[in-house]
Amino acid sequence: MAGEYAGLIEAKVHSMQQDYGLRQRLFDLLMACGLVAALIVCLLLTVRLFARFRRRFMVWSLRRLHPIVLKDYEFLNIHRQGIIAMSVYRGLLWFFMLLQLMVAIPLLFSIFPETETLTITLLGYVWNPFREIVLSVVGYIPKLFQIIVIWLCFHYLLRLLRYFTREIESERLKIDGFYADWAQPTYLILRVLLYSLMLVMIWPLLPSSNSQIFQGVSVFIGLVLSLGSTSIVGNVIAGLVMTYMRPFRLGDYIQVGDTVGEVIEKSVLVTRIRTRKNEVVTIQNSSLMGSQTSNFSLSARNYGIIVHTKVTIGYDVPWKQIKEIMESAALATPGIRHTPRPFMQITALNDFYVEYEINAYTTDAEHLPAVYSELHANILRRFFEEGVEIMSPHIFAHRQDLGVQMPDEYKK
């Protein structure tokens, strides 16, 4: 038995001398040095090869590239595309260098018996994640097709809604009780609802949608949006309510508080009004919702706006003469309608004078200041022509040598 075991031990020692002996160690060291030298040579050749073809690649890219334009915006010009192309070129260089390192390092470890097991470990670090990614992608393909089908269905449904919206906006399709200016906001509301429904249907199909991290991030985003968009939601709701209330339209002349002007923009959040001094005033829809609004254009389109102004004349002038003067001044004013005719009202009988008010119809809501200015000028002219002084009788008690207050050309 001793002789038998001695033979086995001798064979094992001889085998270990072949694997771990000095000769084998020197041979492995030479192979390692050769592999490292080959790796360095390959890396240098790769760098020089890429550096050599870099200029050619740049010239080829500049010749083949064209600006990418989205409508009127140049999304990517040739310079930016050249930068992206060179970044991709440098990325390929690093990819090939890393690929050589990934091949050479496991081979280097496999040369020495002590580090041979590290080769499988290092290859596992690279191969296992790659294999898991490939298997996850292949396993997710059925759900991906479901998402694509859902998206296509909602996409064509939105296109159908967009078609009917355009038909209603152009008034080729008319629905009783549904105005043309309701079409666009109604389409926006339906689009938001459909996108929300699509998201609800797609959400369970997303990768890791059931994970706690995914759910936590979703809750956090929802909380931030809900806390930070309170005023925004109020403006949006107010804008939608005013759209269906139709208090005014684009191009209408309205008055909101002390602001009078033309509506030049109606958005979901704000309304912009250009005043007659060409000042653009921005009003939040929530503020506009709680304010009293006067629509001059709506009144002018339906039944006409009544422009009115007052004068005070003493009791010594007959009221019929005042009535003739003021009505003739109104009829001579551009923009004043002759039908219905202007009419005068006696609005007050004060101690020293009578208060007269002229009322006239106009449909020119856009030029109300000009109409008032012309009306006042014509009233002055007609009173001066008739020799009637527009002045409170209070001044007669202290008049002394003060002459009649009207231009000399009208004095008799």
Side-chain angles (χ1 to χ4, degrees), residues 15-145 147-148 206-208 211 213-214 217:
S15 175
M16 293 182 65
Q17 285 180 350
Q18 290 181 350
D19 294 337
Y20 297 96
L22 180 59
R23 182 178 180 181
Q24 185 64 34
R25 290 290 185 175
L26 292 175
F27 179 75
D28 293 343
L29 186 59
L30 289 175
M31 286 186 62
C33 292
L35 183 60
V36 172
L39 176 62
I40 295 174
V41 171
C42 290
L43 292 175
L44 292 175
L45 287 176
T46 303
V47 172
R48 293 193 63 180
L49 184 65
F50 271 81
R52 180 177 180 182
F53 287 97
R54 179 181 178 182
R55 182 176 180 82
R56 296 183 182 179
F57 177 78
M58 185 183 300
V59 174
W60 177 83
S61 300
L62 293 176
R63 290 178 179 177
R64 295 297 184 92
L65 295 177
H66 299 282
I68 299 177
V69 180
L70 297 177
K71 294 184 178 180
D72 296 333
Y73 174 67
E74 191 176 45
F75 183 70
L76 284 176
N77 54 24
I78 297 178
H79 177 69
R80 292 175 182 173
Q81 293 184 52
I83 295 175
I84 295 174
M86 294 310 300
S87 299
V88 173
Y89 189 79
R90 286 192 295 269
L92 289 175
L93 171 61
W94 284 103
F95 172 76
F96 282 108
M97 293 175 67
L98 290 175
L99 184 62
Q100 293 171 15
L101 290 172
M102 290 172 58
V103 173
I105 291 176
L107 290 177
L108 181 63
F109 286 146
S110 65
I111 293 175
F112 301 97
E114 294 85 357
T115 58
E116 188 174 1
T117 56
L118 290 177
T119 303
I120 300 175
T121 304
L122 292 175
L123 290 176
Y125 288 156
V126 178
W127 169 250
N128 290 335
F130 178 76
R131 184 174 64 88
E132 291 178 0
I133 291 173
V134 172
L135 292 177
S136 300
V137 171
V138 173
Y140 188 72
I141 288 177
K143 292 184 178 180
L144 181 61
F145 277 107
I147 293 175
I148 294 173
L206 295 176
S208 303
S211 65
I213 296 177
F214 196 85
V217 172

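Count residues from 1 along the sequence. Every value quoted in this text rests on a predicted model; they were computed, and no experiment measured them.
Classification of the F50-F96 ring pair by plane angle, with boundaries at 30° and 60°, yields tilted.
To the nearest 0.5 Å, atom OG1 of residue T46 and atom CG of residue L92 are 12.0 Å apart. L45 contributes atom CG, which lies 12.0 Å from atom CD1 of I40 (distance to the nearest 0.5 angstrom). Expressed to the nearest 0.5 Å, how far CE of M97 lies from CG of L39 amounts to 9.0 Å. Separation of atoms CE (M58) and CZ (F53) is listed at 15.0 Å; rounding is to 0.5 Å. Here CZ of F145 is found 6.0 Å from CD1 of I148. Values are rounded to the nearest 0.5 Å. Note: L101 CG to C42 SG = 10.5 Å, rounded to the nearest 0.5 Å.
For the pair Y89 and R54, the tightest heavy-atom approach, listed with the atom from each and the gap, is OH-N, 3.3 Å.
Within a 6.0 Å radius of OH in Y140, other residues, nucleotides and ligands contribute more than 12 heavy atoms.
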